[in-house]
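Naming: A, B, ... by sequence-line order, numbering from 1 per chain. This structure is a prediction, so every number in the text was calculated from the model and none was measured.
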2 protein chains.
Amino acid sequence: MIDRMHLRILREIERQGSLTAAAKALNLTQSALSHTIKKLEAQLGAPLWTKEGRNLQLTQAGAYLQREASRLLPQLERVDQVLRQYASGDKGTLRIGMECHPCYQWLLKVVEPFLQRWPGVDVDVKQQFQFGGLAALFNHDIDILVTPDPVLRDAITFEPVFPYEQVLVVSRHHPLAEQAFVSPQQLTDQTLYTYPVSAERLDIFQQFLLPAHCHPGRHKTLEDTDMILQMVAAERGVATLPQWLVEEYAQTMPIRPVRLGKDGVHKHIHLGFRNASADDQHIRTFIEFARAGMGDGA
Amino acid sequence: MIDRMHLRILREIERQGSLTAAAKALNLTQSALSHTIKKLEAQLGAPLWTKEGRNLQLTQAGAYLQREASRLLPQLERVDQVLRQYASGDKGTLRIGMECHPCYQWLLKVVEPFLQRWPGVDVDVKQQFQFGGLAALFNHDIDILVTPDPVLRDAITFEPVFPYEQVLVVSRHHPLAEQAFVSPQQLTDQTLYTYPVSAERLDIFQQFLLPAHCHPGRHKTLEDTDMILQMVAAERGVATLPQWLVEEYAQTMPIRPVRLGKDGVHKHIHLGFRNASADDQHIRTFIEFARAGMGDGA
DNA sequence: AGCAATTCATGAACATAAATAATGATTTTA
DNA sequence: TAAAATCATTATTTATGTTCATGAATTGCT
């Protein structure tokens, strides 16, 4: 019943003191304002002003409405403003899901320029999914999924953004450290450290050991990349990681990368997003930065 | 920009889950809703929903607007409700100004049924005026002026609501107590107690003493009716009050009324109100009660 | 699968509401 | 008292919102 315009009229008439001035301030003719007021008062069944001679005097109902106007209008104006920020992309949250443990290091390098480009936009990174990253994408729990293993789906697009080679990490003093590459058979007496995820999601199994019908001597899991590399450095076992990540750590730790097989295991980090959000500015620039920003970094 | 209807649309679509259902709830056709939404999104420059297949998913901007809708709409609805109360007269404040000290006792008897008739309406009684009661009425500081002395003015109407006789009050043992009436000359050796107002506003001077070119022996002022009567009872002097008020007090105090002159001084309590507020329900019923309610009381 | 039902989008016609222009009555100012 | 200003009112134009008719896409059902 009471509309935003009504509140504005109340406020402006109090501010300006006259109908004519208020009409001007509202970009209306005096006539239009007069009509609108008349209609409003008729709807309410009560006058909002008493008109004595030339100047208006608020009735009690009018005074009440005027107080409410001065309270509510700023709130509505703020809504407009925030909405404009959303529209211009100045505001929002980009929710990123991670399905690949070591990618976190890489992600940080993409997030950094993104945050600079969109100072008002937050980035929210999630790593745990109740029904997997793809389901999280479907459910709108996340907007972008970072994964090395894209899946073909109708409503989802995966884009490869960063190629890398998955390598074996061994201690600098490890017998395999000097080899150009390792064979699956050479891992059958090794202790293999991996993240605690199912074997189907580990390339070392899917693309290297299982095709050769091999198994590692022992398989242990650790949550944390640093911890895994500690173990490797201490010659308690071997692990697999992206080569660029190993090289980074190798500067401060006694570890070495060794190629998996003669040709190596080559992968891509993919970014998945809903097709419906393909036009989203934030998502577009994020993908852009992911592709470009790391072109040299590795 | 954001209008109340927009907020309602956001809320209803969330509640109902579909455009068609929301349209029904808003008493619109599905088509009208669709058009309105399209226009709103065009104005904002950003979508509020992403449409995947059949069901709608709020964007971040949409989710924000939806939260604001659920916050602001109840407030707007409350405004409607209160405004309806004002219109029906269920709510408001009747501000009464008093220009006659003893009238307070009388006023209470009128206010009582008024408060019962309008349970939501407050009564505010003011007795002090910076520029007099009439100016307070003009300035909208009060809505009704209670006075024994009406003044002819264009924009103000005075209605006599209660006739009374102004009488002299003396102690039961006072020499004048047994007389049928007193003459002005008989007061020239008396101490006269009055309220602390200028002599022009005191009937005892204007209508009784001055026309006979008399003066009281002494003139003292007191704020309070009870205090004046204490003085009279203690035979420290005499005073003038409405007869009905004296009779009331005479039941518990040793005092007596005596007529002023052979014919007595006859007055009316008048109620003054702005002509502009003549239609006001509260004012109308107050005047009505003032006339009727006290018809017997005195 | 295929058919029916449902949902949303769209363009054109229509109805309603809102804004304006023109004018008049009233009030204030000079 | 004349001139200026304010608000109300009527008729007219303009704009906005609504409906109708229809189509495309999706979902449910058998």
Side-chain angles (χ1 to χ4, degrees), chain A residues 1-10 12-44 46-59 62 138-140 153-156 274-276 278-279, chain B residues 1-44 46-59 62 138-140 153-156 274-276 279:
Chain A
M1 195 140 188
I2 287 295
D3 213 354
R4 182 174 183 171
M5 180 52 97
H6 298 139
L7 298 179
R8 294 181 61 203
I9 288 172
L10 262 288
E12 215 54 47
I13 288 182
E14 273 318 278
R15 278 188 183 167
Q16 307 287 340
S18 86
L19 266 194
T20 311
K24 206 170 189 176
L26 293 166
N27 289 318
L28 290 175
T29 57
Q30 171 268 324
S31 176
L33 230 191
S34 186
H35 281 299
T36 307
I37 286 173
K38 191 175 180 185
K39 188 176 173 191
L40 174 60
E41 288 186 330
Q43 277 183 350
L44 293 176
L48 294 172
W49 293 270
T50 53
K51 290 121 195 177
E52 289 161 4
R54 168 171 300 189
N55 60 333
L56 304 176
Q57 181 77 34
L58 283 172
T59 62
F138 263 113
N139 283 343
H140 292 258
R153 280 292 150 83
D154 249 20
I156 308 274
R274 294 180 296 277
N275 294 340
D279 295 336
Chain B
M1 194 143 191
I2 288 295
D3 212 355
R4 181 173 183 173
M5 180 52 100
H6 297 139
L7 298 178
R8 295 180 62 202
I9 288 172
L10 262 288
R11 177 173 71 178
E12 214 56 41
I13 288 182
E14 274 317 278
R15 278 187 182 166
Q16 307 286 340
S18 86
L19 266 195
T20 310
K24 208 169 185 176
L26 294 166
N27 289 319
L28 291 176
T29 58
Q30 170 270 322
S31 177
L33 229 192
S34 187
H35 282 297
T36 307
I37 286 173
K38 190 177 183 185
K39 188 176 172 189
L40 174 60
E41 288 186 330
Q43 278 183 349
L44 292 177
L48 295 171
W49 293 271
T50 53
K51 290 120 194 179
E52 289 161 1
R54 168 169 303 186
N55 58 331
L56 303 178
Q57 182 78 33
L58 284 172
T59 62
F138 264 114
N139 283 343
H140 291 259
R153 281 291 150 81
D154 249 21
I156 307 275
R274 295 180 296 277
N275 294 340
D279 294 337

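- Counting heavy atoms from C-beta outward, B:I2 and B:L40 have side chains that approach closer than 4.5 Å.
- C:dT10 atom C1' lies 13 Å from atom NZ of B:K51, rounded to whole Å.
- Of the side-chain N and O atoms in A:T36, one or more sit less than 4.0 angstrom from OP1 or OP2 of C:dA19.
- The nucleotide whose nearest atom lies closest to any side-chain atom of B:A32 is, among D:dT16, C:dT10, D:dT18, D:dT18.
- Within the nucleic acid shown, A:S18 comes within 4.0 Å of sugar-phosphate atoms alone, with no base atom in reach, counting heavy atoms only.
- Closest contact between the side chain of A:T29 and the listed nucleotides D:dT9, C:dA21, C:dA18 involves C:dA21.
- Using a 4.0 Å heavy-atom distance criterion, B:L56 is classed as making no nucleic acid contact.
- Straight-line distance from the CG atom of B:D3 to the P atom of D:dG17: 8 Å, rounded to whole Å.
- For the pair B:K24 and B:Q30, the minimum side-chain heavy-atom distance is 4.5 Å or more.
- To the nearest angstrom, C1' of C:dA18 lies 15 Å from NZ of A:K38.
- Between the side chain of A:S31 and the base of C:dA21, a donor-acceptor pair under 3.5 Å is found.
- With rounding to whole Å, A:M5 atom CE is found 11 Å from C:dA19 atom C1'.
- Residue contacts for A:L28: at a heavy-atom cut-off of 4.0 Å it reaches the sugar-phosphate backbone alone, with no base atom in range.
- A:I13 has its side chain within reach of A:I37: a pair of non-hydrogen atoms, C-beta onward, lies under 4.5 Å apart.
- Taking atom CG of A:L19 as the reference point, atom C1' of D:dT9 lies 14 Å away to the nearest angstrom.
- Rounded to an integer number of Å, the gap from CD of B:E41 to P of C:dT10 is 11 Å.
- Atom-to-atom, CD of B:E12 to P of C:dC8 comes out at 14 Å; the value is rounded to the nearest Å.
- The base of D:dT16 lies outside donor-acceptor range of the side chain of B:H35, with no N or O pair under 3.5 Å.
- One atom, CD of B:Q30, and another, P of C:dG11, lie 14 Å apart when rounded to the nearest Å.
- B:W49 is listed as a side-chain neighbour of B:L10, based on a closest heavy-atom distance under 4.5 Å.
- Residues A:H6 and A:D3 are in side-chain contact: their nearest non-hydrogen atoms beyond the backbone lie under 4.5 Å apart.
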